[in-house]
Structures are given as structure tokens and as C-alpha cells.
Amino acid sequence: MSHPELSEQEIQRRESLHKLRELGIDPYPAALYPVDAFAAEIKEKFEDGKQVCLAGRMLSQRIMGKASFAEIQDASGRIQVYFNRDEICPDEDKTLYNEVFKKLLDLGDFIGIKGQVFKTQVGEISVNVTEFTLLSKSLRPLPLPKTDAAGVVHDAFTDPELRYRQRYVDLVVNRQVKDVFIKRTRLFNAMREFFNREGYMEVETPILQAIPGGASARPFITHHNALDIPLYMRIANELYLKRLIVGGFDGVYEFSKNFRNEGMDRTHNPEFTAMEIYVAYKDYNWMMDFTEQLLEHCALAVNGTTIAQFGEHTIDFKAPYKRVTMRQSIIDFTGFDIKGKSEEELRAAAKSMGLEVDETMGTGKLIDEIFGGKCEGNYIQPTFITDYPKEMSPLCKVHRDDPTLTERFELMVCGKEVANAYSELNDPIDQRERFEEQLKLQERGDDEAMFIDQDFLRSLEYGMPPTSGLGIGMDRLIMYLTNNPSIQEVLFFPQMRPEKSAPKVVLNDTEKEIYQKIQAEKQLLLGELRAAFEISNKLWDTSIKTLTKNNLVSVFKDGELLLVKLIEE
RNA sequence: GAUUCCGUAGCUCAGCUGGUAGAGCAAUACACUUUUAAUGUAUGGGCCCUGGGUUCGAAUCCCAGCGGAAUCACCA
């Protein structure tokens, strides 16, 4: 048996696997294993002599001749188990202990244990094994961090790339990572509970949309073969939820995976989760009350306290939260009053504040720039910023007291937006005009302006009750609740560049030389390239064909000329 | 997109102004019946990210590429 591509340890594990089979032990048995106990529970409720059956991965082994200790990790945590040779093998044949346990089991293997709970001389709650079963063999060594007596972790599995690419390993060896995702699920459950208690209904709306509406963002595009039309992955679900309010539901919500074809960094992933909820007969003032109650409830459910530590900041999600109008906020931090100012005045003001602005920006975008540049970052504690300019909020109702503003708020935490809410625009004529303004912005060069959804307008024309809607960035919220500065840490499988993007093609020496020549020139005449190599026609032919077949270079015609060019990733 | 830093054993990392590749853990072998970062002794394990260049000689210096991280820009 030779495995040239495997590491020494992997080869050894495969050999162990082989030997186990020879001993008549199935390394991947089919039968269920009758687990009736968990590590954490055994340790919490210690009962001397209690018979238990548990299963998990073996993560450490301390062999001392005829006795050994091992650690088993199950879904609840870790527990030490004690193997005594003569208890495992009461008869003459000691193979099960000497061979199977000591040699053929490896760290990372899943085993099942039956035995009695006891305390060792040093006081560690352990299980005295009377019977063990191999449940699944692990063929790759896990990176196993160790914690010393001082609590210092050695050999921690910390490389972010490896951790994200092999999250399954990360979860096995890094307990704190598992905890983040447990909290994530708790957050979702807490929100559902809060909404369901109010009688609101969880719904599902299309992810594949013919018109990507409800937000301003570049969508991912795909194609439906049967209908032969382009379809877009949703950037938001807002317009569909509102259609359901038109249809007569009083409260609907959805945890929506949204997709945006934009940059990736530590706060942006191309797919992310938003929660959106729409409640009929409410306005944004009601929604502020509702939001602060909701977040207080969620913080408590996730962490058991409304206080959350985020980096250097201590945040308190206890309601109520401060409410500041956008105009007041800009006055507070810049001394500039945006009320009644023209586009030119705003642009001049923004420039004087050292902000980068250009001609495509309308008043809304300019105000947004000023707020984003000078104010936003200052709100550490949860704060509602209210009354956004009309131009920035095409789906939001005009403010009851000021026609240049809208009834909108965003909730800022640690200088970032975590929630966004409106008194929803339900005047179909106004809505159509707003969409048309967006279209004009688009023509002006704003590539994020919204598309017009005619069917949505039609639904409004049938009448939508006054409604307030709220959207929450779930990923961002869980970042705050688990003190993680990057979104990758709160997504099981964050988007990564595919592994090994470089073509792994094995080229022979001639092909390599030709390829290098093309690499250097990027593009050149085929004949010229041919002349540079003193090789037979046949070798030339096969070489250039290898390169083109593997998509390293391409040959193409430009008029009468045959050219060859480098294909770059 | 810009800048900075990083890529060495299965894991975590060291390797100075160029001179035969190192440690701990993990692995293998032996000893050891309540240990706990178990211990003791011995052994094996490397395309030093890839490709060029400089040099008598490159893990080390230079260039390019690939991959990653951080900061900034962009992004409701």
C-alpha cells in the first residue's frame, strides 16, 4: 500500500483502519449507538457509580501501561474516561486494550463508551469504561490545542483562512467558536418568539426575483432556462412583504438571506441575513418602541444580560434608546443646519468638511455623506436617528410635519447601522413618482438607484393600510452580541475565494518554455512564437495544443493574422 | 482598488548581516494500574507557497505571481 500524496500520519491511520478490519472490527458500523448521557450533564449532576453510555470524539489519550485516561468530547462538552486493561479485557486475550485502544485508535476517532461514573484520586469526574465501541475512524489528524495549568492555550488553531475553509475542524477544536453559533441560533429563536407572541406570521418570499427591488445594491444575476429570462437573487424582500400586507395580513416577518454583488470585508459578505417585519396600522414611532423592546429581549435571551461588550465599548441594549433627528445630529457634530439648503449649498458644505463629493450626488446622497462621514461613528450606545431626507428613502412615507423629510429611523450601535425602519409609503401615486426620481438618479450615474417594480405599484393601487416596517441586519447584530469584529466569525461558511485558483496543470519542459514566452509577451504572432523555438513540427503542435486545451493561452484570428495570447484569470 | 504584514514538519512557531533545516506538541517504538499540557528513553517526518533573478552558494536578498490577514477606500 503506498499513498505518495498522503502525510505520514494519514498513512498510519489508514493502516490502523486496515488492521482494525483484519481484527473483525468495523470502523464505520451502521448500528445506532444507545447514548443516554452527555459529558456536561454527567459533570453537573455527579452520581457515583451511575451507569452511563456516551459517545463522542476521543481528543486525548494518556496511556500508563495497564491503565489509561482519555478525553471524550460530545456535543455538550468534554469528559475524562478511564480505561483499565483488566476491566476492558477480563480474559486472557488483551488485544482489545493493548492493540485496539492503545495503538489502533487515534485522536479524533468517534467512540462509544459504557461504564460507571466515578471520581479519580485527584477529584476529576470520569467514567470507568467497561466497554467501548469504535463508531467512526478519523483519517486526518486534528489540530489539537492544549491548555496548560496556567490556562494558556498552546498550538491553537487560529489561522483565519484555515478556520473558515475548514469550519468543521474549527468547531471541533475551538469551543468558543461553537458558542458563537449557539448564540446566533438563540438570537433567531428569541426574535421568532417575540414576534410569534404578538401574533405576527413568519412567511417566505421569493429569492429568485425578476426585478431586484426593495433596496439599492448591485444584484447577482442568473438565468432561467425554461422561461429564457434573467432572474436576480434578491437584494431585499421588502416589496414582497408589503404585498402580503396588501393581501390582508396584519403582521408578517421573514428572516431573509439577501445577496449583494459588492465588496467583501469584515462587515460585508455577499450573502447575509436580514430580518424584515411589517405591521399594519402602525407608524415609525410605534416601531421605535417595538424595536427597543425587541432588542432588549434578544440581548437577554442571548447573553442573559442587556449589557454587551464589543471591543473597547460596553453597550447596553436596555430600552429605551435615545432618539435624535438627522438634522439635529448633523448640527451636533458639524454645526451645519441642513434645513432648507439647496444641493449646491450642501455640496459646498460637504466639501468644506473635507468629504469627497461629486456631481452625481443629489441632496439626499450629500446629506447621507455628511452624516456618514461626521456623525454616524459617534453613536456607540443604541440610538435612533430619525427623519431622513426624502431623496434617500424612496419607499418611506413623507414626514407628517415636513415634506422634505421621511418618517424613517435607523438604529445606530457602535457607529454602525443595525436596523432601518419606516412608516411605509402606501400612497401609490407618490410611490410611482419616487421610483421615477430614482430612475433619473440612475440616468445621472448613480448605479445603485432602484429599479421600478410595476407589479408592486399595482398592489399599492389596490390599497395598503398604514404600515410600519423594520429591517435588522442579523449578522451585524450577532457580531455585537458575541463581541466579534468580523462577519466571517458569525457565519458558518463565509464566502472565500475558491481554493487553488491557479491552474494545476503539469506542463513538460517545452510547454513550460513556450508558456513562459507567452507570459512575457502577453500576446504575439503565432508564427513569431513558432520561430522562436527550434523544435519539430509535431512537438510544436502537441505543445501549443496542450496550452490551449488547458485554457492557459488562446489562439485567435485578427483579420489575416493568427495571434496567440495569454489567458489571465 | 491602495498600503502594510504574512506564507518553513500534521499543529503552533523559531531560523540574525546569505553558508548542509530547528523546537514544543502530534506521530512511531519501548516502559509505566488514578493521570491530566501525564512522565521517561529512542525514532521517523520538510517542493522552506510558485516561478524568475542576483550569487560560488538563497528558507534568507531582488522582481513577478498565487494565497491570506490588517488598515483605508467603496458599500444603507
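Residue numbers begin at 1 in each chain, while the letters A, B, ... track the order of the sequences.
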Arg266(A) has its side chain closest, among C75(B), U12(B), U71(B), to U71(B)

Expected string for nucleotides 29-42 of chain B under the B/S/- scheme (protein heavy atoms, under 4.0 Å, primed atoms plus P, OP1, OP2 as sugar-phosphate) is SS-BBBBBBB----

Q) What does Glu417(A) touch in the nucleic acid at a heavy-atom separation under 4.0 angstrom: a base, only the sugar-phosphate, or nothing? A) sugar-phosphate

Whole-Å distance, Met264(A) CE to A73(B) P, equals 19 Å

Between Met287(A) and Ile277(A) the two heavy atoms that sit nearest each other are CE-O, 4.2 Å

Checking N1-N3 plus N6-O4 or O6-N4 for Watson-Crick, or N1-O2 and O6-N3 for wobble, each under 3.5 Å, the partner of U71(B) is A2(B)

Distance criterion of 3.5 Å, no angle test: do you see the side chain of Glu8(A) paired donor-to-acceptor with the base of G44(B)? yes

Original post:
Using 4.0 Å as the upper bound for N to carboxylate O, is an ion pair formed by Arg140(A) and Glu10(A)?
Top reply: yes

Here the gap from Tyr480(A) atom OH to Asp475(A) atom CG, rounded to the nearest 0.5 Å, amounts to 12.0 Å

For Thr147(A), the side-chain hydrogen bond (donor to acceptor under 3.5 Å, both in side chains) test, sequence neighbours excluded, returns none

Does the pair Lys137(A)/Asp106(A) count as a salt bridge with the N-to-O cut at 4.0 Å?
yes

- prompt: Can you find a donor-acceptor N/O pair under 3.5 angstrom joining the side chain of Asp155(A) to the base of G24(B)?
  reply: yes

Could one point to a donor on the side chain of Asp265(A) or the base of C74(B) with an acceptor on the other under 3.5 Å away? yes

CE of Met412(A) to OG of Ser329(A), rounded to nearest 0.5 Å, is 8.5 Å

Glu10(A) atom CD is separated from U28(B) atom P, nearest whole Å, by 14 Å

Here the distance between atom P of U28(B) and atom CD of Glu15(A), to the nearest Å, is 11 Å

